[in-house]
Amino acid sequence: MDCLFCKIIAGDIPSAKVYEDELVYAFRDINPQAPTHILVIPKAHIDSVNGITCDNSAVVAHIFEVIPQIAAAEGLEKGYRVVSNCGQDAGQTVFHLHFHILGGKELSLEMA
Ligand code: AMP
Ligand code: ZN
């Protein structure tokens with residue numbers, strides 16, 4: 001499959017890893033919109049939030065267990081934002097489900 005984030009998980013494209021386990025991979029966004037900008041992705045390919053079903057949603061629960069651990073490790077005790085863009089109007093550019101963690105400054109009400 002011609003998917004950028006599947007290639008990152010496979011190690012075919014380099015990334016700055018911040019966390020990995022058997023289900024999840026997290027790495028720094030190449031074009032950060034905040035001092036801390038991390039992407040958390042399932043290792044199994046899901047296109048977007050619209051691809052979450054009862055058959056694969058356990059990985060989403062796991063991602064939301066991992067996010068606070070990453071936030072703590074990154075020193076985001078003052079808070080952070082979790083965003084997932086779904087589809088054209090949201091500006092989704094990579095169609096492999098991902099959750100942005102944004103923090104390290106007081107965030108505006110814009111996405112980032
Ligand atoms: P979205 O616009 O929500 O689909 O987010 C895709 C994100 O992936 C953007 O914030 C990009 O900066 C980021 N991105 C694209 N290519 C890479 C890459 N090779 N390594 C890290 N982040 C990337
Ligand atoms: Zn993928």
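One-based numbering, in listed order, for ligands and for the atoms of each.
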**Q.** Partner of Phe5 by ring pair (Phe, Tyr, Trp, His ring centres under 6.0 Å), out of Phe99, Tyr25, Phe95, Phe27
**A.** Phe27
Q) So which bit of Leu4 gets within less than 4.0 Å of ligand 1, heavy atoms only: side chain, backbone, both or neither? A) side chain
Q) Under 4.0 Å from ligand 1, counting heavy atoms only, is it the side chain of Phe5, its backbone, both or neither? A) side chain
Q: Answer yes or no: is there a side-chain heavy-atom contact under 4.5 Å between Val18 and Val40?
A: no
Q: Using modelled atom types only, decide if a donor and an acceptor are shared between the side chain of Arg81 and the backbone of Ser108 within a distance under 3.5 Å.
A: yes
Q.
In this structure, does ligand 1 have an atom that sits under 4.0 Å from one of the heavy atoms of Gln33?
A. no
Q: Could you list which atoms of ligand 1 come closer than 4.0 Å to a heavy atom of Val94?
A: 4 (O), 6 (C)
Q) Looking only at atom types and distance, does a side-chain atom of Ser84 sit under 3.5 Å from a main-chain N or O of His98, one as donor and one as acceptor? A) yes
Q.
Please list, in number order, the atoms of ligand 1 under 4.0 Å from a heavy atom of Arg28.
A. 21 (C)
Q: May I ask whether Phe27 has any heavy atom positioned less than 4.0 angstrom from an atom of ligand 1?
A: yes
Q. Do any heavy atoms of Gly91 fall under 4.0 Å from ligand 1?
A. yes
Q.
If I consider every N, O or S atom in His96, which one ends up closest to the Zn ion (ligand 2)? I only need its name.
A. ND1
Q | Shortest-distance N/O/S atom, His45 versus the Zn ion (ligand 2) | A | ND1
(Q) Could you tell me if Asp21 and His62 have a donor-acceptor pair between their side chains, going purely by distance under 3.5 Å? (A) yes
Q) Any N or O on Asn85 sitting closer than 3.5 Å to an N or O of ligand 1? A) yes
Q: Keeping the roles fixed (side chain from Gln33, backbone from Asn31), state whether a donor-acceptor pair exists under 3.5 Å.
A: yes
Q.
Regarding ligand 1, does Ile30 bring an N or O atom to under 3.5 Å of one of the ligand's N or O atoms?
A. yes
Q. Is the His100 ring parallel, tilted or perpendicular to the His37 ring (thresholds 30°, 60°)?
A. tilted
Q. Is the shortest heavy-atom distance from the side chain of Val82 to the side chain of Ile67 under 4.5 Å?
A. yes
Q | Option with minimal heavy-atom separation from atom 6 (C) of ligand 1, where the choices are Asn31, Asp29, Thr93 | A | Thr93
Q.
As an exercise, identify every atom of ligand 1 less than 4.0 angstrom from a heavy atom of Gln92.
A. 4 (O)
Q) Can you list the atoms of ligand 1 that are under 4.0 Å from a heavy atom of His98? A) 1 (P), 3 (O), 4 (O), 5 (O), 6 (C)
Q | salt bridge (Lys or Arg N to Asp or Glu O under 4.0 Å) between Glu106 and Lys78, intermediate numbers included | A | CA-CA 9 Å; Glu106 195 168 319; Lys78 289 178 75 180; over 6 Å; no
